[in-house]
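Step one of this worksheet: look at the structure below.
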Amino acid sequence: MRAVCVIGLGLIGGSVLRAAVRSGRPAWGATTSAEDAAAARAAGYEVLSSTERALERARERDALVVLATPLPAVGTVLREVNRHAPTTLLTDVVSVQEPVHDSVRESAPAARYAGGHPMAGTDRSGWEAGSAELFDGALWAVTIDGDTALDAWREAALLALDCGARVVPASPAEHDAAVARVSHLPHLLAAVLASVGGDGGPLAESLAAGSFRDGTRVIATDPDLVRAMTEGNRAALLDALDDTLGRLGAARGALASTGSLNATLRSGHQARAGFYPAEPAEPVRTTVRLDAGHALRRLRELGESGARVVSLAEDAAVAEHRPAPAANDENPPSGE
Ligand SMILES: O=C(O)C(=O)C[C@]1(C(=O)O)C=C[C@@H](O)C=C1
């Protein structure tokens, strides 16, 4: 099993280190946070005294290096990677992929790198908030662009699987457009919702219950971390925001003119049921030969169609796909 060197030991990096050790891999980390380093060492994990040391060891042992810092620090860490571990394979866990791919292109051979983004977290941050189980059953995007080498992709995907996740292959741009809608927009909407609720005064505060708590939960996250991911995905988030404002405008118009929110509420109800079906259908399995040409393109197409890679061998990847629900009265093929 390839060793893993994790740079950054906050919630996600700290969980990757724990999960990598749980899977039986040799793994160590480094962090600039004295607090995270002390907590990780106290829990029995190996934290080297500097990023340089951790990377030198990664070079000696041909480890997979995981960049687990927030987006604004990625450029600096990449320069250190180039200096101290110039040939190791590289991945990351950053929630916006295009800027990381751009930085890698500027400063490291892209063939060493495949981007990664585990879709898991909590509203807390730092080593203490993490756990070895954080990624169990979660989805983990492993990105593919024109420069990605199959070896780098395989190693990043194997780490995700070893951490307990299922892998979604995607291009960086498609990944960023999708997470703008299902992760970054929800953080922004939670911020606005919390402020609107807050303006309701003490009575609103004392009456706030489950819906307010669930709808605002993610903005309990450290605002600097939310800023890094939302501002780092500006173009895609603007797109998702325009769509949201259009729909809110239409809902407001309908409520003001006809008194009905029926169309908005029904289409939202149906859309959510698509994400979380009450009775999920048996998944369909597809095998992709990794030794055949165009394997990465095929994986990317599968990811775009909603499939998840659930296992990887030297020469094949197995992906699971949920079959499209049959159309019926509750589930009409279009709109309404
Ligand atoms: O569960 C949470 O608290 C999260 O916010 C996790 C969450 C998300 O679902 O948006 C947040 C950011 C990460 O990049 C991926 C996942």
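Side-chain atoms are counted along with the backbone in the values below, which use heavy atoms only and exclude waters and symmetry mates. Both ligands and their constituent atoms are indexed starting at 1 by order of listing.
- For atom 16 (C) of ligand 1, the closest non-hydrogen atom of the protein is A120 N, 3.7 Å.
- Within ligand 1, counting atoms from 1 as listed, the ones closer than 4.0 Å to a heavy atom of S95 are 14 (O).
- Salt-bridge formation is not detected for the pair E60/R57: no Lys NZ or Arg NE/NH1/NH2 atom is positioned less than 4.0 Å from an Asp or Glu carboxylate oxygen.
- With ligand atoms numbered from 1 in the order given, ligand 1 contributes 5 (O), 10 (O), 11 (C) to contacts under 4.0 Å with heavy atoms of H187.
- The existence of a salt bridge linking E320 and R308 is excluded, since no basic side-chain nitrogen approaches an acidic carboxylate oxygen closer than 4.0 Å.
- For the pair H117 and ligand 1, a heavy-atom separation below 4.0 Å is found.
- With respect to R154 and E314, a salt bridge is recorded, a charged nitrogen being found less than 4.0 Å from a carboxylate O.
- Looking only at heavy atoms of the protein, atom 3 (O) of ligand 1 is closest to R217 NH1, 2.9 Å.
- In terms of polar-atom proximity, G121 is counted as a contact of ligand 1, with an N or O under 3.5 Å from an N or O of the ligand.
- At a heavy-atom cutoff of 4.0 Å, ligand 1 is contacted by the backbone of D123 but not by its side chain.
- The shortest heavy-atom distance from P118 to ligand 1 is under 4.0 Å.
- Taking the six-membered ring for Trp and the full ring otherwise, the centers of Y45 and W127 sit less than 6.0 Å from each other.
- Nearest approach of G197 to F212, heavy atoms of both residues: CA-CE1, 3.8 Å.
- Between R217 and D214, no side-chain nitrogen of the basic residue sits less than 4.0 Å from a carboxylate oxygen of the acidic one, so the salt-bridge criterion is not met.
- Among R25, R22, R2, the single residue meeting the side chain to side chain donor-acceptor pair (under 3.5 Å) criterion with D162 is R25.
- Of the protein's non-hydrogen atoms, S183 OG, 3.5 Å is the one closest to atom 8 (C) of ligand 1.
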